[in-house]
Amino acid sequence: MAPKYELHPERKYSIAIVGGGIGGLCTAIGLLHQGVPVHIYEAAPAFAEIGAGVSLGPNAARAMKLIDSKIYDGFCRCRTNNSWPDRQHYWFSFRKGEDTSSKFGTRFYDMWCETGQSSVHRARFLDELVALVPSEIAHFGKRLESVQDKGDKVIIRFGDGTSAEHSALIGCDGIKSKVRIALFGNDHPAAHAVFTGKYAYRGLIPMEEAAKLMGDELARNSQMYLGHGGHILTFPIEQGKTMNVVAFGTKEDGKWEDPEWVKPLDRAQMEKDYEGWVEATRQILSLMQKPDMWALFNHPPTPTYFKNRVCILGDAAHASGPHNGAGASQAIEDALIMSRVMARVFNAADVPRAFAAYDRVRRPRSQYQVKMAYEGGLLYDLQLPGYMDDWDKVKELLSTKQHWIWNHDLEADIREVERIFAEETARL
Ligand SMILES: Cc1cc2nc3c(=O)[nH]c(=O)nc-3n(C[C@H](O)[C@H](O)[C@H](O)COP(=O)(O)OP(=O)(O)OC[C@H]3O[C@@H](n4cnc5c(N)ncnc54)[C@H](O)[C@@H]3O)c2cc1C
């Protein structure tokens with residue numbers, strides 16, 4: 001049963017969250033933890049995640065603790081790190097994927113951080129979050145169709161013909177966000193995500209099979225194999241029972257015209273993409289179970305994340321390519337800042353000022369993440385101008401690449417959002 005939250009009796013407003021992914025649920029938990037009344041509207045018949053592993057860095061872990069330590073406890077229950085004790089703090093061991101002088105690709109750099117490669121099975125982590133959400137605030141089968149901001153309230157209408165009225169709306173409805181479109185209009189150049197030119201084959205391998213073929217070191221510890229036009233990463237999930245595989249490639253014409261972004265795998269095409277790569281990578285591809293292919297899209301930057309009483313958060317605001325392993329962690333940081341600023345709001349009329357403060361703190365960092373994730377994809381595919389396949393330069397960039405994400409001072413962000421809100425309130 002979900003914990004009991006004490007809603008502040010003076011708060012006479014309610015917030016609607018549309019979308020119950022990692023972003024929406026962390027925001028709901030954060031708001032409840034601060035005593036803010038909230039309802040979640042989810043399109044699916046139940047909370048669910050697609051895809052397998054998601055890697056969460058030290059900034060995500062700190063944000064969880066600051067939102068509600070129970071989120072962090074849940075994360076600790078389901079996270080998986082590298083198996084070898086001396087690899088616990090490694091994020092990835094980087095290897096030259098096409099360097100066939102070694103069967104495993106020469107290991108040329110180990111990137112490490114406080115939490116190491118700390119990944120969760122998406123559905124397991126979501127279960128931990130769901131356990132913190134009271135069932136009476138969750139509404140399923142509610143696919144948002146339209147948003148009407150009436151100035152002093154927001155009316156949201158769903159595909160099943162029902163509607164709801166709340167003081168404000170936070171759109172956490174992912175990369176194809178309807179709330180984003182409602183904010184900017186369908187024809188705005190930043191309303192829709194654009195193709196990054198990259199795609200990913202994703203699949204799982206039972207760990208015992210992977211270890212038998214590739215050996216313990218490669219199978220049980222996170223690895224990234226870089227090559228021209230692609231890279232392949234592997235890391236253990238589900239307490240080491242499964243190896244998660246994501247193999248990235250480049251669409252030469254840079255176009256994705258298919259309305260579907262996730263396609264069944266064309267195994268022959270996948271094998272062709274990595275022809276001539278080291279034996280370890282071919283072994284990985286041959287073992288991948290239930291693989292599928294994902295076209296990778298990201299969002300052009302918007303000039304704001306809010307208008308009046310409607311705001312966007314997580315992938316709805318700043319969907320990025322996955323090359324920093326940071327999309328979900330940015331959604332969790334958003335949830336932290338949103339919940340801390342909303343903790344200061346007692347009247348519905350103050351919500352737009354809180355959204356404005358959230359926007360000022362979160363937009364620059366999260367939009368920069370989108371840009372850097374795009375560049376990260378080029379770096380790993382040996383296509384980044386100025387670096388290409390100059391291994392010394394690639395290694396040098398790797399040595400600092402993730403620092404601004406992982407070492408960010410979230411407590412300073414909290415102070416900043418509170419300061420902005422207080423200053424803007426004092427100006428009235
Ligand atoms: C291949 C790949 C690998 C990735 N790896 C990582 C990683 O290792 N680390 C990391 O941090 N990030 C990673 N990411 C990014 C990460 O998955 C996302 O940033 C994160 O899941 C976003 O969470 P969210 O809650 O904002 O959106 P979502 O998870 O998309 O959730 C949106 C929710 O809204 C619901 N919804 C959608 N439309 C409506 C509607 N109209 N009405 C009501 N509900 C609606 C959906 O059903 C869903 O529940 C990866 C992404 C990809 C594609």
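Both backbone and side-chain heavy atoms feed into the values below; hydrogens, waters and symmetry mates do not. Order of appearance sets the numbers: ligands from 1, and atoms from 1 within every ligand.
- With a 4.0 Å cut-off on non-hydrogen atoms, C172 touches ligand 1 through its backbone and not its side chain.
- Of all the heavy atoms of A326, the ones lying under 4.0 Å from any atom of ligand 1 belong exclusively to the backbone.
- Considering backbone and side-chain N/O of I22, one or more are found under 3.5 Å from N/O of ligand 1.
- Atom 26 (O) of ligand 1 has D315 N, 2.8 Å as its closest protein atom, hydrogens excluded (heavy atom only).
- Contacts between H139 and ligand 1 below 4.0 angstrom, taking non-hydrogen atoms only, are absent altogether.
- From the protein, the heavy atom lying nearest to atom 48 (C) of ligand 1 is E42 OE1, 3.6 Å.
- Panel note: side chain D389, backbone L382; no donor-acceptor pair is recorded below 3.5 Å.
- In this structure, R309 contributes its side chain and V351 its backbone to no donor-acceptor pair below 3.5 Å.
- Annotation for S118 and F75: closest pair OG-CZ, 3.8 Å, computed over non-hydrogen atoms.
- Applying the 4.0 Å criterion to heavy atoms of G174 picks out, from ligand 1, the atoms 27 (O), 30 (O), 32 (C).
- Checked by atom type and distance alone, the side chain of R365 pairs as donor or acceptor with a backbone atom of I405 at under 3.5 Å.
- The part of K142 lying near ligand 1 is the backbone, judged by heavy-atom distances below 4.0 Å.
- Counting protein heavy atoms only, atom 24 (P) of ligand 1 is closest to G23 N, 3.9 Å.
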Practice problem: Please assess M224 against R95 for the test side-chain contact (heavy atoms from CB on, under 4.5 Å), listing each intermediate value before the final yes or no. | Solution: CA-CA 6 Å; M224 199 186 298; R95 294 175 180 271; over 6 Å; no
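- Looking at K371 and N298, their side chains never bring a donor and an acceptor atom within 3.5 Å of each other.
- Given atom 12 (N) of ligand 1, the protein heavy atom at minimum distance is A328 N, 3.1 Å.
- Scanning the protein for heavy atoms near atom 9 (N) of ligand 1, the closest one is S55 O, 2.8 Å.
- Residues H89 and C113 are not in side-chain contact: their nearest non-hydrogen atoms beyond the backbone lie 4.5 Å or more apart.
- Contacts of A200 with ligand 1, taken as heavy-atom pairs under 4.0 Å, are absent altogether.
- Geometrically, ligand 1 and V54 share no nitrogen or oxygen pair separated by less than 3.5 Å.
- Those atoms of ligand 1 that come under 4.0 Å of a heavy atom in S329, given as number and element, are 11 (O).
- Nearest protein neighbour of atom 34 (O) of ligand 1, counting heavy atoms only, is G19 CA, 3.2 Å.
- A side-chain donor-acceptor contact under 3.5 Å links E42 to the backbone of A44.
- Distance alone, capped at 3.5 Å, is enough to place a donor-acceptor pair between the S119 side chain and the P236 backbone.
- Y41 is linked by a ring-ring contact (aromatic ring centres under 6.0 Å, His included) to H139, F158, H166, counting only residues two or more places apart in sequence or in another chain.
- The backbone N or O of G35 sits less than 3.5 Å from a side-chain atom of R11, completing a donor-acceptor pair.
- Under a 4.0 Å criterion applied to the non-hydrogen atoms of G314, ligand 1 contributes the atoms 26 (O).
- When heavy-atom distances to ligand 1 are checked against a 4.0 Å cut-off, V18 comes that close only through its side chain, counted from C-beta outward.
- At a heavy-atom distance under 4.0 Å, atoms from both the backbone and the side chain of A43 approach ligand 1.
- In terms of protein heavy atoms, atom 37 (C) of ligand 1 is closest to D173 O, 3.3 Å.
- If you check each of G327, G321, G21 against atom 15 (C) of ligand 1, the one with the closest non-hydrogen atom is G327.
- Side-chain contact between F184 and P189 is absent, with no heavy atoms from C-beta onward closer than 4.5 Å.
- Nearest protein neighbour of atom 21 (O) of ligand 1, counting heavy atoms only, is R122 NH1, 3.6 Å.
- For the pair S320 (side chain) and A373 (backbone), a donor-acceptor distance under 3.5 Å is absent.
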